[in-house]
Protein chains: 2
Amino acid sequence: MKKRSDIRDVAARAGVSLSTVSRVLNDRTENHMRPETREKVLKAIRDLNYAPVKAAQTLRRLRTKMLGIVVPDITNLYFTLLARGIESIAFEQGFTTLICDSNHQSERETQYLDMLRSEDVEGIIFVPVGKADGNSLDAILDQGIRVVLVDRRIPNLPTVEVDNYAASFGLAEYVLNLGYRKVAYIAGPEDVSTGEDRLAGLSDALASKGLTPVAICRGDFTFESGYSCALSVLSETGVDAILAANDLMAFGALRAAEELKKSVPKDLGVAGFDHVPHVPYATFMHPELTTVEVPIYELGQKAALLLIDEKDESIKLPTKLIRGGTCREQ
Amino acid sequence: MKKRSDIRDVAARAGVSLSTVSRVLNDRTENHMRPETREKVLKAIRDLNYAPVKAAQTLRRLRTKMLGIVVPDITNLYFTLLARGIESIAFEQGFTTLICDSNHQSERETQYLDMLRSEDVEGIIFVPVGKADGNSLDAILDQGIRVVLVDRRIPNLPTVEVDNYAASFGLAEYVLNLGYRKVAYIAGPEDVSTGEDRLAGLSDALASKGLTPVAICRGDFTFESGYSCALSVLSETGVDAILAANDLMAFGALRAAEELKKSVPKDLGVAGFDHVPHVPYATFMHPELTTVEVPIYELGQKAALLLIDEKDESIKLPTKLIRGGTCREQ
DNA sequence: GTGAAAGCGCTAACAC
DNA sequence: GTGTTAGCGCTTTCAC
C-alpha cells in the first residue's frame, strides 16, 4: 500500500473529475457517458495500474462483501469440502470468505467470532465446536450480522443440515436387517446436536426391534477417540456391531478391530456416518465403509445462498445410504 | 452493519471526547490516562456493544493487517497444514488471513491474485499451480505487496522450502542401497520447481551408481495421476521400484501395484515424498510408506514471519528420511 | 454528460 | 490528561 495512485491521479491524468472516474469504476451509466470520456478514464487507469482502495469503498458503502466461515477442524476433509461449497457461491457473487479454524477449542472459536465481527463480515457460516459462546454470538446478532449454522443446531438460528435422525434410523435398520443384534455406539459429544440426533435415530431403530445399545461411548469425532472407544467397547462381551457418529471414528474402530484380530464384517460389523467422498487413502480400505453420505459441499452452497440472499430459513438436504462391505449378512 | 454505535456514541455516553475513546481503543498510554476515565470509556464500550469499524481504521492507517494465502488444493492435507502454520503466526500478530484455493487451475489462481490485490493484503504466501501469471504477479509486486513462495521457486522471489534436490538424492541412495536397481519415477509437472529438483536429485543419485531411470512418467501430484502412471510404468518389464514426487502419487502407485498383484516391497519398492503426518487413514497402510518428511507447518510459519517482519530472504528447512516398509532388502 | 462537495468512522497531530 | 480538527480514498447527491 505505497506509491499507489489514487482516484484523483486517474482523474488528473484523464483530464476529468473524480466523479467521472468513480462512475466508470462502478459502471454507473444511468446518465449516458460519452464513450471517449470513458475510454480516456480507462486508459488512465491502465497506465497508472490503478486499483481502488477497498477500505475506502467499504467505508463509504458500509458493505464489506465478506463472509466468515468458522469450522472446528479445517484438516478434516469434511469441513474443507464445506468451505469449498461456500466459496463456490461466494466467489461468483463477489464475496470474499474468511475461513477460521477453531481447532476444536471453544476459546479459539470465540476469538474468531469476535474477529469476524470486527472485520464486519456480512454473514457467518458457523459450525460450533460444542455449545457456542452465547455472548460473542449475541454481539454478532445484535450488530445485524446474519449467522447460518451448518450441520449443527442452536435454538433460533437457521440451520442447513441433513435429517440426521432419519438417516441414522435408516442405517441402524439396515444393519439390524443384516442380522447384527449386539450393537455398540460411538457417539459424538453431548453438546453437538448432530451427534445427538444420530444417537436418537439409532436408539429408536433398536427400540423398534425391542433392543437397546450394548454400549454407548462418547467420542469427539476424531480418529483417536473412535479408536479408544472401540478398544474399550470391544472388551465388553458379545458386541457384534459398532456404529459411529462419523466416519473418522468408524475408521478408528476399524483400526482397533484390526489390532484385536476381529474380522470385519464377520466377527464385527462397522458403520460410520458422513462419507466424505474421494479420500484417496480411503480407497485402500477393503472393504469400503458402510455409512451415510452427507452432501456437505451442497450444504455449504445452500448456506452461502441463504446468507447472500438474506433469507432466514432452515433447510434439510437428503442423504444416501452407502452399503459398504463393513457390514454384511452373518 | 446497522444500528451500530460508533465512536462518538461511546464518547458521548462516557462523557469524554473522541480521542479519548480512540486512545483507550489503541492502548495509547504514552500520556498517562486517568484510570477512572479509562474505566468510564470501557464501560460505555461494553454497554453499547461497540466494535470499531475495521474499514475506517484501515483507511486511516493505510494498513489492512491482512495476509493472503494461495494454494493449489486446500483439500490436500499438505496445504491445509501449511495454512495452519501461517495462521498460527498471523493470528498472534493480529493479522487476518485470506485463504484462496486455486484448485489446480491457473485461471482461478490469477483471479485470486487480483482479488488479493484489490483487498490490499499486505503480503501473500504463494504456492503457484505451475508457471504463475506474470502480469498479476507484477501488478502485485508493483503495488508494493510482498510475496513469499513456499515449496516452489520463481526467479527473484524469496522462497521458503526444503532442499528437495538433496533430500531426493538421499532417498534414492537409500533405495539403491536396499538393492533396487530398475527404478521408475513418477515426476511432477515440468513447470513446478519442487518436482524438478526432486527429479534431478533422483537422476543424479542413480547416475552416481551408473544407472538411469527405467521410466519417467509425468504426473500432476494427484492420487489419480500416480495411479495411472504406475499402471503404465508397471507394464514395462523389469521395474523393481517406483519413486514418486509426492506421497499422494505414491499412494496411487501402491493402489496400482495392489491391483496388479505386485507384492510390496518384495516385487516392488515404492517411495513417496512429503510425508504428511497424522493422516488417520494412512494408519491403515501396512507397511508405512517410505518417504521424506517435509516440515510443511514450519515452512508456513517461517513464510508468515518473513512477510510480517518484512524480510526479503529465502530459507531452507531440513527434511527427514522416513524408512517405511514399502522399500526393503530384497 | 460532467463537476463540486459532503461525509462514511476513525486516528494522530496539535492545542490547551 | 484530554479535546479539537484535519484528513485517509472513495461514492453520491445535487448543481449546472
Side-chain angles (χ1 to χ4, degrees), chain A residues 1-42 44-45 48-65 94 117-120 122 143-144, chain B residues 1-42 44-45 48-65 94 117-120 122 143-144:
Chain A
M1 241 162 159
K2 59 189 199 191
K3 74 169 175 126
R4 193 164 154 182
S5 38
D6 67 5
I7 200 173
R8 23 185 28 107
D9 297 329
V10 177
R13 185 174 238 271
V16 298
S17 77
L18 297 190
S19 2
T20 304
V21 178
S22 177
R23 281 189 192 102
V24 173
L25 245 40
N26 297 286
D27 271 326
R28 300 217 136 294
T29 43
E30 67 272 16
N31 300 351
H32 260 18
M33 181 179 292
R34 214 184 271 118
E36 59 207 77
T37 310
R38 200 182 134 77
E39 270 319 314
K40 274 193 300 187
V41 173
L42 255 17
I45 289 177
L48 295 173
N49 191 21
Y50 166 80
V53 171
K54 213 40 173 284
Q57 295 182 309
T58 299
L59 181 58
R60 190 51 239 232
R61 308 202 253 242
L62 294 183
R63 290 207 53 184
T64 55
K65 290 276 248 173
R117 180 164 86 102
S118 83
E119 289 287 348
D120 303 302
E122 295 184 26
Q143 196 169 305
Chain B
M1 243 163 159
K2 58 189 199 192
K3 71 164 175 137
R4 194 162 152 181
S5 38
D6 67 5
I7 200 173
R8 25 185 27 106
D9 297 330
V10 177
R13 185 172 238 270
V16 298
S17 75
L18 297 190
S19 9
T20 303
V21 178
S22 178
R23 280 188 193 104
V24 173
L25 246 39
N26 298 284
D27 270 326
R28 301 217 135 294
T29 43
E30 67 273 15
N31 300 349
H32 260 18
M33 181 178 291
R34 213 186 274 115
E36 59 206 78
T37 311
R38 199 180 134 76
E39 271 318 317
K40 273 194 300 186
V41 174
L42 254 18
I45 289 177
L48 295 172
N49 191 19
Y50 166 80
V53 170
K54 212 38 173 284
Q57 296 182 307
T58 299
L59 180 59
R60 187 54 237 231
R61 306 201 253 241
L62 294 184
R63 291 206 54 186
T64 55
K65 291 276 246 172
R117 180 164 86 101
S118 80
E119 288 288 347
D120 303 304
E122 295 183 27
Q143 198 169 305

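To find a chain, count down the sequence lines: A is the first, B the second, and so on, and within it residues start at 1.
In this model, the phosphate group of C/dT2 is approached by a side-chain N or O of A/Arg34 to a distance below 4.0 Å at OP1 or OP2.
What separates NZ of A/Lys54 from C1' of D/dC10 is a distance of 13 Å, to the nearest Å. Rounded to an integer number of Å, the gap from B/Leu25 CG to C/dA12 C1' is 14 Å. The separation between A/Arg23 atom CZ and C/dG1 atom C1' is 8 Å, rounded to whole Å. Straight-line distance from the NZ atom of B/Lys65 to the P atom of D/dC8: 22 Å, rounded to whole Å. Between A/Leu48 atom CG and D/dG9 atom P the separation is 15 Å, expressed in whole Å. Rounded to whole angstrom, the span from the CG atom of B/Asn26 across to the C1' atom of C/dC10 amounts to 9 Å.
Looking only at side-chain heavy atoms (C-beta outward), B/Lys65 and B/Thr58 stay at 4.5 Å or farther from each other. B/Val21 places none of its side-chain heavy atoms less than 4.5 Å from the side chain of B/Arg8.
Counting all heavy atoms, side chain and backbone alike, A/Asp120 lies closest to B/Ala55 at OD2-N, 4.3 Å. The two residues A/Thr37 and A/Val16 have their closest heavy-atom pair at CG2-CG1, 3.9 Å.
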List, with names and distances, any nitrogen or oxygen atoms from the protein found under 3.5 Å away from nitrogen or oxygen atoms belonging to nucleotides 7-9 of chain C.
{"residue": "C/dG7", "atom": "N2", "partner": "A/Arg60", "partner atom": "NH1", "Å": "2.9"}
{"residue": "C/dG9", "atom": "N2", "partner": "B/Ala56", "partner atom": "O", "Å": "3.4"}

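Taking NZ of B/Lys54 as the reference point, atom CG of A/Leu59 lies at 14.0 Å (rounded to 0.5 Å). The CD atom of B/Glu119 lies 9.0 Å from the OG1 atom of A/Thr64; values are rounded to the nearest 0.5 Å. B/Asp6 contributes atom CG, which lies 8.5 Å from atom CG of B/Leu18 (distance to the nearest 0.5 angstrom). Residue B/Lys40 holds its NZ atom at 8.5 Å from OG1 of B/Thr20, rounded to the nearest 0.5 Å.
Contact of B/Arg38 with D/dG1 (side chain to base): no donor-acceptor pair of N or O atoms is detected under 3.5 Å.
For B/Arg117, there are no salt bridge (charged side-chain N to carboxylate O under 4.0 Å, His left out) partners at least two apart in sequence or on another chain. By the salt bridge (charged side-chain N to carboxylate O under 4.0 Å, His left out) test, A/Arg60 is found to be paired with no residue, residues two or more places apart in sequence or in another chain being considered. With sequence neighbours left out, the side chain to side chain donor-acceptor pair (under 3.5 Å) criterion links A/Ser22 to A/Asn26.
Sorted by residue number, the members of residues 10-21 of chain A with any non-hydrogen atom under 4.0 Å from DNA chain D read A/Ser19.
For the helix from C/dG1-D/dC16 to C/dC16-D/dG1, the rotation axes defined at the first and last 5 base pairs enclose an angle of 40°, given to the nearest 10°.
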